Amino acid sequence: MPHYLSVGDVPPKRHTQHRDAGGRLRYEELMGEEGFSSDSSLLYHREIPSAITDARPWEVPGQGLTANHPLKPRHLALHSLWGDDDWRTTDAVTGRRLLLGNADVRISYAVTGAPSPYYRNGLGDECVYVESGTARVETVFGALTVRAGDYVVLPRATTHRWLPDGDLPLRLYCVEANSHIGPARRYLSRNGQLLEHAPFCERDLHGPTEPLLATGEDVDVLVKHRGPDGGILGTVFTQATHPFDVVGWDGCLYPYTFSVHDFEPLTGRVHQPPPVHQVFEAENFVVCNFVPRKVDYHPLAVPVPYYHSNVDSDEVMFYCGGDYEARKGSGIGQGSVSLHPGGHAHGPQPGAYERSIGADHFDELAVMVDTFRPLALGEGALAAEDPGYAWTWAGRGPAA
C-alpha cells in the first residue's frame, strides 16, 4: 500500500466536527476498500459530496470483445491507430481504444491532446502508463504532474480528469482492473512497508501535495460501473457542486505516480524469470516492467529469454522504449504490443538467441501484463494487428 499522507486541512481526531473559519461544518467522506476492512482515506468537503441534480446513461464506447480464435500470438502496431492530427481532439477517457480484455482486466490505448471530462471508474483501480508526453491529472485528492515513464495509479472511484500539456501527443497505455492494484505482496512487510529487497520504495511513490479547492455548480462526471452479469455500464452524474472541493484529507488510499526509471532491476549470473521484473499485482493479473539493465554474467549465459510455455497465463508486452533484443526481426518497435497466449510456446525471434551471447547490457523498456484468464481482442487490437507476426518464427505462413 502507499504510505500514510496528510494533505491540507484535517481535524486532529477523525469523525469529529471540522469547521471553517466562519463556523460552517465540513463534510467528512470515508473512501475505503473492501468495505471497512482495508486501506482508506478521509476527505473533508466544503459541500455534500453525494448531492446530484441529474443522472443519465453514458454509452461507454467500444467494449466488445472477440475471442483469440484460432489461438495464435499477435502483434499490434498501436501507433497506426491515430492519424497525424486526430489526437488533438481525442481525450484520455472517451478516446480510449480497447485492445484486450477479460473478466479481470481491460487494456486500452489512447493518443490525446484534449482535456478529458471528469471521470471515475467504479469497476476497479486504473494503472495508466505514460508512453510519451506530459499532463496534469486533477483528482479529488489534488493534482499530479505526469510525464513519460510514469505509472499513474488511480484507486477505484477516484474522480479525476486528464489535462495534456504542450503541442505533443500524450500517449497512454491504460490498464483497468476489476479489483485493486498495488505493489507485489512479496515486497511488503506484514504491516505494509516496502522491504529492502523490493526494487522500489516509498520515496519513489508521489501523491498529491495540496488540495485543488475548485468551485462551481452542476458539474458532469462520467462514471463507469458494474452492470448485470459482469457487464459494463456508464452513467453521467451532474453533481450539484464541484467534486474537487476537498479542503484536506489523510490516509493510505490515494492516487500516485511511480516512474519506471526509479525501478531498480534485479539481475543474476543466468537469465532471471519475469517475476523479478514485477511492479504491481491485482486479482488474476500482474504488471511487470523490463528496464535498461546489466544482463547475465555466467560465462555460458544466453541473455535473452529461453523459450517458455505460460501454461496458466496470457502474456502482453508493450514495447515503449529502447531496442528489445528478443524481438529483433519481427517488426516489433516503439508502440508495439505482443500477445503470447497460454497454450502456445513462445520466445526469442530466430537469430536473437544466438546474437545475445556475449551481451552485457540490454537497452530496452517494456511494460508487461500477465493474466491468469485468457484475453479476448478489442476493436483496437483488430484494427492494429500485423497479420504476419504469428509466422515469423517459421519464416512462412499457411500454405496458399
Side-chain angles (χ1 to χ4, degrees), residues 62-83 97-102 105-109 111 131 171 173 175 271 273-274 285 288 290 302-357 359 362-400:
Q63 295 300 298
L65 291 167
T66 301
N68 182 13
H69 185 250
L71 187 73
K72 64 178 183 177
R74 298 177 187 261
H75 167 216
L76 316 177
L78 301 190
H79 288 188
S80 68
L81 288 174
W82 273 266
R97 299 188 67 174
L98 182 62
L99 305 175
L100 302 161
N102 61 22
V105 63
R106 289 165 307 285
I107 302 173
S108 302
Y109 188 67
V111 184
E131 180 192 354
R171 297 180 178 272
Y173 187 69
V175 179
H271 188 80
F285 75 90
C288 305
F290 296 80
V302 180
V304 296
Y306 35 77
Y307 292 86
H308 52 288
S309 296
N310 283 5
V311 296
D312 294 317
S313 299
D314 278 13
E315 177 192 283
V316 184
M317 194 80 78
F318 175 49
Y319 304 90
C320 45
D323 189 8
Y324 200 76
E325 293 291 332
R327 292 284 168 262
K328 286 182 177 178
S330 63
I332 296 287
Q334 177 83 27
S336 288
V337 163
S338 63
L339 167 63
H340 295 133
H344 178 73
H346 67 278
Q349 296 299 136
Y353 205 68
E354 296 82 1
R355 284 194 305 268
S356 74
I357 294 173
F362 283 173
D363 181 22
E364 60 191 21
L365 192 62
V367 174
M368 184 177 80
V369 176
D370 263 11
T371 70
F372 299 110
R373 285 200 268 194
L375 288 162
L377 309 172
E379 67 82 21
L382 298 174
E385 186 175 9
D386 165 13
Y389 177 70
W391 329 124
T392 55
W393 286 268
R396 58 187 175 88

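Residues take their numbers from the sequence shown, with the count starting at 1. These numbers come from a predicted model, not from an experiment.
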Separation between CG of Leu71 and CG of Leu339, rounded to the nearest 0.5 Å: 8.5 Å
Steps toward side chain to side chain contact (heavy atoms under 4.5 Å, CB included) verdict (Val105, Leu375): CA-CA 9 Å; Val105 63; Leu375 288 162; 4.2 Å; yes
Residues which pass side-chain hydrogen bond (donor to acceptor under 3.5 Å, both in side chains) with Asn68, listed by chain and number, not counting sequence neighbours: Arg74
Any residue meeting side-chain hydrogen bond (donor to acceptor under 3.5 Å, both in side chains) with Thr371, in chain and number order, not counting sequence neighbours: none
Residue pair Ser313 / Phe372: nearest heavy atoms and the distance that separates them: OG-CE2, 3.1 Å
Pairing residues for Arg171 by the salt bridge (charged side-chain N to carboxylate O under 4.0 Å, His left out) criterion, not counting sequence neighbours: none
Backbone of Ser338 reached by a side-chain donor or acceptor of His75 within 3.5 Å: no
Derivation and outcome, side chain to side chain contact (heavy atoms under 4.5 Å, CB included), residues Leu99 and Leu78: CA-CA 9 Å; Leu99 305 175; Leu78 301 190; 3.7 Å; yes
Interatomic distance, Leu76 atom CG to Ser336 atom OG [nearest 0.5 angstrom]: 8.5 Å
Salt bridge (Lys or Arg N to Asp or Glu O under 4.0 Å) contacts in which one or both residues fall within residues 334-346, not counting sequence neighbours: none
Check against side chain to side chain contact (heavy atoms under 4.5 Å, CB included), Asp370 and Cys288: CA-CA 8 Å; Asp370 263 11; Cys288 305; 6.0 Å; no
Distance-minimising heavy-atom pair for Val302 and Ser356: CG1-OG, 3.8 Å
Asn102: side-chain hydrogen bond (donor to acceptor under 3.5 Å, both in side chains) partners, not counting sequence neighbours: none
Flag side-chain contact, heavy atom, 4.5 Å: Leu65 against Leu377: no
Considering all heavy atoms, the nearest Ala390-Pro73 contact: CB-O, 3.6 Å
Approximate separation, where rounding is to 0.5 Å, of Cys320 SG and Glu364 CD: 10.5 Å
Ala359 versus Pro303, closest heavy-atom pair with distance: O-CG, 3.9 Å
Plane angle bin for Tyr109 and His79 - parallel if under 30°, tilted between 30 and 60°, otherwise perpendicular: parallel
Nearest heavy atoms of Pro348 and Tyr353, plus distance in Å: CG-CD1, 4.1 Å
Heavy-atom closest contact (Pro273 atom, Tyr306 atom, distance): CB-OH, 4.0 Å
Gap between atom OG1 of Thr66 and atom CD of Glu379 - 0.5 Å precision: 10.0 Å
Single hit among Val369, Leu98, Val337 for side-chain contact (heavy atoms from CB on, under 4.5 Å) with Ile107: Val369
Ser309 side, atom OG; His344 side, atom NE2 - distance, nearest 0.5 Å: 8.5 Å
Spacing of Tyr389 atom OH and His340 atom NE2 [to the nearest 0.5 Å]: 3.0 Å
Test log, rule side chain to side chain contact (heavy atoms under 4.5 Å, CB included), inputs Glu315 and Met368: CA-CA 7 Å; Glu315 177 192 283; Met368 184 177 80; 3.6 Å; yes
Residues forming a ring pair (Phe, Tyr, Trp, His ring centres under 6.0 Å) with His308, sequence neighbours excluded: His346
